[in-house]
Amino acid sequence: MSIDLKTRAGVARPRLSTAGTLARFALIGVALTGVAGTFAYLGGWLTPSGLTPARFVDAFEQIDGTHPGFRRNHAKGLGVSGFFESNGNGVRLSKAVVFQEGRVPVLGRFSLNGGQPYAADTPRAVRGLGLEFSLPDGELWRTAMVNLPVFPVRTPEAFHELILASKPDPNTGKPDPANMEAFFARHPESANALTIIKSQPFSSGLTIARSMASMRFASPTQRAPPSRYAGS
């Protein structure tokens, strides 16, 4: 079979109509707008007042200053390593590998809240415990706990507000009462949480640590109600 190249070359492609040309440009414009919109959304340009990790970092630095080489929050801490020895009883509540019988390596960090790396270990300071479990399948399971009976805020936005409201007054070294009163007026649940926190006896050590959020333990046979875990 032969192909007449001259005949093929001489056949002109039909020109697009005005409507077809406009439709193609419109599709290109929609695609470019979608790409630009995605970048703008991920960059926070569409929600300039929205809470971002960068704004959280800025808030901690506004309160405690900049300390190169230290965390923005829970700056003062001590690292530990060891093992978690599971007796296997946890599998009744959860199918997580960490609760199966056996031993897994653990890295941990005891810390004080706030961004001051040389803060005093006062009894009223909030103490934290972070743990990382290295599971046999290569998974890393991380937990964060504090020694408070309840967490003082319900949302990240409220936490950000609380950080800024608790900025110490240069003259007194304590938060401005007016700022704190305004915060609790906007977040009455935090005022209730503070009442519970103050009812707990303070200790110079980390006697018990509790998870900062609730979760559901999913067992092989049933779903448990929302729960918090604690360690001592």
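Each residue takes its place number in the sequence, starting with 1. Just so it is clear, the structure is predicted and the values come from calculations on it, not from any experiment.
Pairing each heavy atom of Lys76 with each of Arg109, the nearest pair is C-NH2, 3.7 Å.
Partners of Glu61 under the salt bridge (charged side-chain N to carboxylate O under 4.0 Å, His left out) rule, at least two apart in sequence or in another chain, are Arg72. Qualifying side chain to side chain contact (heavy atoms under 4.5 Å, CB included) partners for Pro168, counting only residues two or more places apart in sequence or in other chains: Ile63. Evaluation of the ring pair (Phe, Tyr, Trp, His ring centres under 6.0 Å) rule for Phe151 yields Phe159 as partners, not counting sequence neighbours. Residues forming a side chain to side chain contact (heavy atoms under 4.5 Å, CB included) with Phe83 (at least two apart in sequence, or on another chain): Arg103, Pro105. Scanning for side chain to side chain donor-acceptor pair (under 3.5 Å) contacts around His160 gives an empty result, with sequence neighbours left out. Here Asn87 pairs with Asn89 under the side chain to side chain contact (heavy atoms under 4.5 Å, CB included) rule; sequence neighbours left out. Scanning for salt bridge (charged side-chain N to carboxylate O under 4.0 Å, His left out) contacts around Arg186 gives Glu161, with sequence neighbours left out. With sequence neighbours left out, Leu194 forms a side chain to side chain contact (heavy atoms under 4.5 Å, CB included) with Phe184, Lys198.
Other members of the cluster containing Phe70 are Tyr118, with ILVMFWY side chains joined at under 4.5 Å, either directly or via other members.
Residues Ile197 and Val150 have side chains in contact (heavy-atom distance under 4.5 Å, counting atoms from C-beta outward). The shortest distance between side-chain heavy atoms of Leu135 and Leu140 does not fall below 4.5 Å. No side-chain heavy atom of Val126 sits under 4.5 Å from any side-chain heavy atom of Leu112. Counting heavy atoms from C-beta outward, Met145 and Leu131 have side chains that approach closer than 4.5 Å. For the pair Ile196/Pro149, a side-chain contact is recorded, criterion being any heavy-atom separation below 4.5 Å from C-beta on.
A salt bridge (charged side-chain N to carboxylate O under 4.0 Å, His left out) check over residues 142-152, counting only residues at least two apart or in different chains, returns the pairs Glu132-Arg142.
In terms of modelled atom types and a separation under 3.5 Å, the side chain of Gln116 and the main chain of Asp64 share a donor-acceptor contact. For Ser166 (side chain) and Ile163 (main-chain N/O), a donor-acceptor pair under 3.5 Å exists by modelled atom type.
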